[in-house]
Amino acid sequence: MLHRYLPMTEEDKQEMLKTIGVQSIDELFSDIPESVRFNRDYNIKKAKSESELMKELTALAEKNMHMKKHPSFLGAGVYDHYIPAIVDHVISRSEFYTAYTPYQPEISQGELQAIFEFQTMICELTGMDVANSSMYDGGTALAEAALLSAGHTKNKKVLVSKAVHPEYRDVLKTYAKGPGLEVVEIPFKNGVTDLEALQAEMDEQVACVIVQYPNFFGQIEPLKEIEPIAHTGKSMFVVASNPLALGILTPPGTFGADIVVGDVQPFGIPAQFGGPHCGYFAVKSALMRKIPGRLVGQTTDEEGRRGFVLTLQAREQHIRRDKATSNICSNQALNALAASVAMTALGKRGVKEMAIMNIQKAHYAKNAFVEHGFDVPFTGPFFNEFVVKLNKSVKEVNKRLLEKGIIGGYDVGRDYPELENHMLVAVTELRTKEEIDTFVKELGDCHA
Amino acid sequence: MHKDQPLIFEISKPGRIGYSLPELDVPALNVEEVIPADYIRTEEPELPEVSELDIMRHYTALSKRNHGVDSGFYPLGSCTMKYNPKINENVARLSGFAHIHPLQPEETVQGALELMYDLQEHLKEITGMDAVTLQPAAGAHGEWTGLMMIRAYHEANGDYNRTKVIVPDTAHGTNPASATVAGFETITVKSTEEGLVDLDDLRRVVGPDTAALMLTNPNTLGLFEENILEMAKIVHDAGGKLYYDGANLNAVLSKARPGDMGFDVVHLNLHKTFTGPHGGGGPGSGPVGVKAELIPFLPKPVVSKGENGYYLDYDRPQAIGRVKPFYGNFGINVRAYTYIRSMGPDGLKAVSEYAVLNANYMMRRLAEYYDLPYDRHCKHEFVLSGKRQKKLGVRTLDIAKRLLDFGYHPPTIYFPLIVEECMMIEPTETESKETLDAFIEAMIQIAKEAEENPEIVQEAPHTTVVKRLDETTAARKPILRYQK
């Protein structure tokens, strides 16, 4: 058949069959026993031409309401941020996106150097010593942090704050079943981890304490107070962190975190219905040889020229097989590249400016809610998200907002029955004053 | 003489910016008023300070130091480095796919859910399975997800003693690693001299403690496991489940389906067979398909179709839980769906036919110059051994490095582990005969050089931007980040 992705001509085919010494391509499949042979065509949709398919899929995409047309106040781990135009141009260079893992360093210096720069930027933001080349996402990175802690401490009890993203905790619980870890959830008080409750759970069996900073409610966890408790006995201190917030907040490394994880989606990665995003994983140097995933190191070639290689591979599945502590192989390299470009474009000044603008806009919105008589239950410092109490169901309110073309906040009651009718509102630098005012007013109308 | 490419940090200069943020349109607020002093960072992160052109030139220069499928032939075995269609990229970037939030109300994302549902339906038919989840982010993640489901299945039957997962000695490294992370012990089953799973050894290792056998078919030697039904019977009779590693599915599209071979769980690598690009190492996508009896254990949520449209089903009491936040690598799934719809049933069949034709053609032409350990029809890939060249002092690593001088990405080397000086070659169906011939000629030339002028091979590469790198020092004294 003729197809634009299949270059073989009939003449080529005949010559090749002759060289192989068979009459037909079918003969090459003669080792598949008749009993398992698939003897019909797939019952799937027929092929469409490029233009027809583009038209169909464009129409399908247009069935979705998207955030470039409708102002969104949804956050909960995925944010609508400024993506510098240059990001897509860089990641569209097909030398990057059509390559695979840089196994052959001599012809992969571009990817390797880009990852080395990514690792450096993550270390700078988190205040940690070593960062890997990426994980699937923030949730699986958090789960792997628990596995690393358990392996390192030989303990099986994992304490996780209930103010950590509910879906991250769900992923953690699934991963915990493999090695048989016990996951204990620590309640929150006024929107942050309850320190007394945490203290009460600490014992010699604890592998790690996991908190999020800022946490699921947008609140800034008191890492300074948590750290000494978390470090009881052998326990490790794990912090999941929005890297944009670290443009202004004191990095977890400064507070003594052993492992810092999170998702770099806020830097240059579109929401795309939840993935692909890109997890990061950073540790103190003591854990360097136990970190999961790929690491790029600097070295020199035979002529003393600087170059980069995948290194410390003895940790990884293709060498250690069943002794490996993580099974990760493919990661999210292209999204790590996107994040690197975004972090580079924003740079030292822009990351801080954007982080501050998030704080300013979110606080403006929160104050507007308070002025309109809404209850904002958690009173601690927060980044770009906060919880508002409504007098009817969030689902109902969001439906009315959608009629006005606004994508409302997250229904916190879905995961926290005690917070029924509470909306988690995210306000990024992209939301204008006008959009915020309209949002608050519409919510106020719903409230009445 | 090649020039070093400076690190982005080395071209940074205070006073330059590369961004454009909107002006603040709400009253300015002093951060110190709302964030306690201890929580405001005192030292700024050392991120680059560069202009937009600086950034573009930097990454353009880096891209030129990188080899992708679009740069040249990339016959990396078991990775299916086929052409990445450009329409896929355009579709994935449509605002209605790229800029939708995973937590939007279902009625606002019907197009996305419909695409996911239809992709699941297509993958069910392609694999011969009864249900598919799109959640796993990559092949290894799919393996672990599948094994967790098998574990849940056995436990639901009150069967708590199935602690072992069997893998062949030719298995991908992720198989045993995934088994470990899922809480199993790995048992290795031997291959025969013909390169297939040794049935006697399999009978010896299965038992009441067998949770599953993980298998790639065709296997990593590129050979079809023709005794697959017998193997399935051995494992099933012992109460175990059969797991299909879909890394090599490109060989058997429309020729044989895992579901018909007796497999209970299947993962696919959409970035391999279904052209989600490899991205320099990812992101991938690793959907998992299962037979009916494992459906209750699928991870939450499950994309379903109801009377009022598509929805996410969370009411799954026996589900293994969540394996990933949200619903998988949607953007990659969009690309794979676009590809399947571009190919249709005839196109997909042709894919495997040409992939297998190309591999057999290369294998036959190279067999004269390199040792061919398994002399029979291969599927989409084949292995050669550099044993003959090793005797001349030329290692497979040297041959791989010499190929770089010809502008090729080398094959996978030193894998599978059971073949001495192994080279695993996978041409894929998207390469022309001219490309295959040119690569074959390069391989023949290298074989001759090994005999006549081994130094040129041993000292390769000669034309790359760096020569062989000192990996030992990199591991002994790791430098993993830039420091001023």
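Per chain, numbering begins at 1; letters A, B, ... match sequence-line order.
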Do [X] and [Y] sit within salt-bridge range, that is, some charged N less than 4.0 Å from a carboxylate O?
X: A/D137; Y: B/K324; value: yes
X: A/E124; Y: B/R481; value: yes
X: A/K352; Y: B/E44; value: yes
X: A/E15; Y: B/K433; value: yes

Any side-chain heavy atom of B/P105 within less than 4.5 Å of one from A/L402?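 Yes; the side chains approach each other to less than 4.5 Å.
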
Would you mind reporting whether B/E226 and A/I32 have side-chain heavy atoms less than 4.5 Å apart?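 Result no, sub-4.5 Å side-chain heavy-atom pair not found.
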
Sequence neighbours excluded, which residues qualify as salt bridge (charged side-chain N to carboxylate O under 4.0 Å, His left out) partners of B/R16?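 Not a single residue meets the salt bridge (charged side-chain N to carboxylate O under 4.0 Å, His left out) criterion with B/R16.
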
Given that the side chain runs from C-beta out, which part of A/I407 has a heavy atom under 4.5 Å from chain B: side chain, backbone, both or neither?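 The side chain, not the backbone.
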
Are the side chain of [X] and the backbone of [Y] linked by a donor-acceptor contact shorter than 3.5 Å?
X: A/E167; Y: B/F326; result: yes
X: A/N64; Y: B/G111; result: yes
X: A/E106; Y: B/L404; result: no
X: A/T299; Y: B/D470; result: yes

Will you find, in the side chains of [X] and [Y], an N or O donor that is under 3.5 Å from an N or O acceptor?
X: A/E117; Y: B/H58; value: yes
X: B/R93; Y: A/S92; value: yes
X: A/Q119; Y: B/Y482; value: no

What orientation do A/Y175 and B/W144 show, parallel under 30°, tilted 30 to 60°, or perpendicular over 60°?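 A/Y175 and B/W144: parallel rings.
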
With sequence neighbours left out, write down each residue that passes side chain to side chain donor-acceptor pair (under 3.5 Å) with A/E302, or none if nothing qualifies.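 None.
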
Among A/L346, A/T140, A/I220, residue most engaged with chain B (heavy-atom pairs, under 4.5 Å):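 Heavy-atom pairs under 4.5 Å are most numerous for A/L346.
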
Determine whether B/Y327 and A/F273 satisfy the following criterion, ring pair (Phe, Tyr, Trp, His ring centres under 6.0 Å), listing intermediate values before the conclusion. CA-CA 8 Å; B/Y327 330 113; A/F273 208 41; 5.0 Å; yes

